[in-house]
*Asks:* 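The structure that follows is given in the form of structure tokens.
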Number of protein chains: 2
Amino acid sequence: MSCESETIDVLRESGHKMTPQRMMILTSLRHASGHLSAADIFEQVKAAYPYVDISTVYRTLTVLKEMRLISETHMGGGDATFEWVASERHHHLICRHCNGVTLLDHTYLEKLGSQIEREVGFHADIDHFAIFGLCADCKRETASN
Amino acid sequence: MSCESETIDVLRESGHKMTPQRMMILTSLRHASGHLSAADIFEQVKAAYPYVDISTVYRTLTVLKEMRLISETHMGGGDATFEWVASERHHHLICRHCNGVTLLDHTYLEKLGSQIEREVGFHADIDHFAIFGLCADCKRETASN
DNA sequence: TCCTTTGTTGCAACGATTTGCATCTACTCT
DNA sequence: AGAGTAGATGCAAATCGTTGCAACAAAGGA
């Protein structure tokens, strides 16, 4: 039994099926150190099973996202990145000037999430945000022009 | 002189040029009541000048976005929507179950923005967020299964 | 184990957005 | 007003992600 058995149960219980393709996509996501794009995952899975289709990857990612096993984040530069949610929660501050990326602790967003839940009744999926703006350095530089 | 003259100056000062196409795209955005997709804008501009190309619309939107005159928001269902930033700031709570959209007052995000600026020094562009999650109704429904 | 149901797959076609490139034009300087 | 330059345009082709569909296979029950 692999280390994905728990995940498999979660999928089964919600009426989904476990297929070899899904298993490979899951493994790819779980064992990745950080963010993966759909294309990254596609490449990895293709190495083991060359007949997978990119649409299968996207459809599986959609399912996993719906079940909140993974998070999807649009970090500017084109393609979205996906990450296993169970890993440490964190967010990104992306500078629109120098494109630098800084980490933002989850506590900042956690407060926002619980406030919204308390006051509006909406349960926000605050797993992985990308917030755009100007970093401290570029702010200084821009101000002195 | 039209009511866009101020915007024109902002563009010029940052090394951009004002063209008839851009003017029409600007007008379309400024006079829209709410969110517009790139295709909406394309249609509107084409009514006045049938030779515009959709790529011109996208390129202009990219420029306006960089200058923070408009905001781009991905609200699930496929295409991105654009909105004139000067209009009332607001955000969206989008239910991943029923796809319903609720408005979220800007004050919630404003606090987050100023806190990040104060503590991390990063100036977040919190213009128009789309936050996904479960609305109160769907939360209740899901819990009772 | 065999059958049925229902979700999943691969493929191809599609829609949305981006990019390369030659041409054109708004703006600046003279 | 005329010339030069950098940025913008239109077109076509490429890319990225999604969708329809027929064939397939996993899960559950007889």
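The structure presented is a predicted model; accordingly, all values stated were derived computationally and were not measured. Naming convention: chains lettered A, B, ... in sequence-line order (proteins, then strands); numbering from 1 in each chain.
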*Asks:* What is the ring orientation for A:Phe129 with A:His91, classed by angle as parallel under 30°, tilted 30 to 60°, or perpendicular over 60°?
*Replies:* perpendicular
*Asks:* Regarding B:Phe42, tell me which of base, sugar-phosphate or nothing describes its non-hydrogen contacts under 4.0 Å with the strands shown.
*Replies:* nothing
*Asks:* Output yes when at least one side-chain N/O atom of B:Thr19 is less than 4.0 Å from OP1 or OP2 of D:dT9, else no.
*Replies:* yes
*Asks:* Looking at D:dA25, I'd like to know if its phosphate oxygens (OP1 or OP2) sit under 4.0 Å from a side-chain N or O belonging to A:Gln21.
*Replies:* no
*Asks:* Report yes or no: does B:Thr60 contribute a side-chain atom to a donor-acceptor pair with the main-chain N or O of B:Thr56 at less than 3.5 Å?
*Replies:* yes
*Asks:* Any side-chain N or O of B:Tyr49 below 4.0 angstrom from OP1/OP2 of D:dG10?
*Replies:* yes
*Asks:* Roughly, in whole Å, what's the span from CG in A:Leu26 to P in C:dT8?
*Replies:* 12 Å
*Asks:* Does A:Lys139 use its side chain to pair, donor to acceptor, with the backbone of B:Gly121 at less than 3.5 Å?
*Replies:* yes
*Asks:* I want to check one thing: is the phosphate of D:dG7, taken as OP1 and OP2, less than 4.0 Å away from some side-chain N or O of B:Arg12?
*Replies:* no
*Asks:* For A:His35 and A:His92, take the angle between the two ring planes, folded into 0 to 90°, and tell me which bin it lands in: parallel under 30, tilted 30 to 60, perpendicular over 60.
*Replies:* perpendicular
*Asks:* Thinking salt bridges, do A:Arg89 and A:Glu110 make one under a 4.0 Å N-O criterion?
*Replies:* no
*Asks:* On a plain distance test, is the side chain of A:Lys17 in donor-acceptor contact with the base of D:dA25 below 3.5 Å?
*Replies:* no
*Asks:* Scan B:Thr7, B:Leu26, B:Asp9 and name whichever one has a side chain to side chain contact (heavy atoms under 4.5 Å, CB included) with B:Met18.
*Replies:* B:Leu26
*Asks:* Whole-Å distance between C:dT9 P and A:His16 NE2?
*Replies:* 10 Å
*Asks:* Without decimals, in angstroms, what is the distance between B:Glu13 CD and C:dC27 P?
*Replies:* 13 Å
*Asks:* Starting at atom CG of A:Leu11, determine the distance to atom C1' of C:dT6, rounded to an integer number of angstrom.
*Replies:* 15 Å
*Asks:* In this structure, how many angstroms lie between the P atom of D:dA12 and the CG atom of B:Asp53, rounded?
*Replies:* 9 Å
*Asks:* A:Glu72 has an atom CD; how far is it from atom P of D:dC16, in whole Å?
*Replies:* 16 Å
*Asks:* For the pair made of CG in B:Leu36 and P in C:dA16, what is the distance, rounded to whole Å?
*Replies:* 15 Å
*Asks:* Please report, rounded to the nearest Å, how far the C1' atom of C:dT9 is from the CE atom of A:Met18.
*Replies:* 14 Å
*Asks:* My understanding is that only one of A:His106, A:His74, A:His90 makes a ring-ring contact (aromatic ring centres under 6.0 Å, His included) with A:His128; could you say which?
*Replies:* A:His90
*Asks:* Quick check on contacts: within residues 54-71 of chain B, what sits under 4.0 Å from DNA chain C by heavy-atom distance?
*Replies:* B:Ser55, B:Tyr58, B:Arg59
